[in-house]
Amino acid sequence: MSSTGPRFDSLSAATASVGGRGGFLRPLMWLGGLIAAGCAMAVGALLAVFTAIAVAVIAVVAGVVMFLMGMASRARRTTGGPRKGRRRTDDDTVIEAHKVDGTWVAYGWERSGR
């Protein structure tokens, strides 16, 4: 493939030889390319830093959630909460309530041993 013809006329005009060494816009285009590459690298580095910060925040939040889940399961084990295989009796589910002056009042709601 040759770089001649009407398609490349504007490029050859911008980079035409001046004194046999190169075009007068060649150093400016090289400088523009250098600046564009530097900007692209800076944006890439900034995005990499933001990604690293996001991963660190997600890890910290996941750690806090796991810690709270462990504390909740330990508290449930030590307080003797409902366990699998335990039969429920009527004392566990039924409470007594009466309507007093238009408001329901429940009796037997408090647990013993607190």
Side-chain angles (χ1 to χ4, degrees):
M1 178 170 193
S2 67
S3 61
T4 59
R7 200 168 127 191
F8 295 99
D9 283 344
S10 62
L11 181 64
S12 64
T15 60
S17 295
V18 175
R21 298 176 65 184
F24 63 94
L25 290 179
R26 184 172 286 180
L28 292 178
M29 285 194 276
W30 184 83
L31 184 62
L34 188 65
I35 291 172
C39 289
M41 285 190 290
V43 168
L46 191 65
L47 290 175
V49 168
F50 283 147
T51 302
I53 290 172
V55 168
V57 167
I58 290 170
V60 168
V61 169
V64 168
V65 167
M66 293 299 287
F67 173 76
L68 292 175
M69 188 179 71
M71 294 296 286
S73 69
R74 182 196 290 178
R76 186 170 183 174
R77 271 194 311 259
T78 57
T79 59
R83 295 190 176 109
K84 290 182 181 176
R86 180 176 168 225
R87 296 188 100 185
R88 297 186 76 164
T89 62
D90 288 336
D91 293 336
D92 290 343
T93 57
V94 178
I95 61 172
E96 184 179 347
H98 299 283
K99 196 167 192 177
V100 178
D101 293 332
T103 304
W104 286 96
V105 179
Y107 300 98
W109 183 256
E110 297 85 17
R111 291 188 219 167
S112 61
R114 282 194 189 186

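All values derive from a computational prediction rather than experimental measurement. No hydrogens, no waters, no symmetry mates; every other heavy atom, side chains included, goes into these values.
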So, for Pro27 and Gly23, which heavy atoms are closest and what is the spacing to 0.1 Å? CD-O, 3.6 Å
Establish whether Trp30 and Leu28 are linked, either directly or via other cluster members, by ILVMFWY side-chain heavy-atom contacts under 4.5 Å. no
Give the cluster check for Met41 versus Ile35: same hydrophobic cluster or not, with ILVMFWY residues linked at side-chain heavy-atom distances below 4.5 Å. no
From Thr51 OG1 over to Leu46 CG, what is the distance, rounded to the nearest 0.5 angstrom? 9.5 Å
In this structure, would Ile53 and Val61 fall into the same cluster of hydrophobic residues linked by side-chain contacts under 4.5 Å? yes
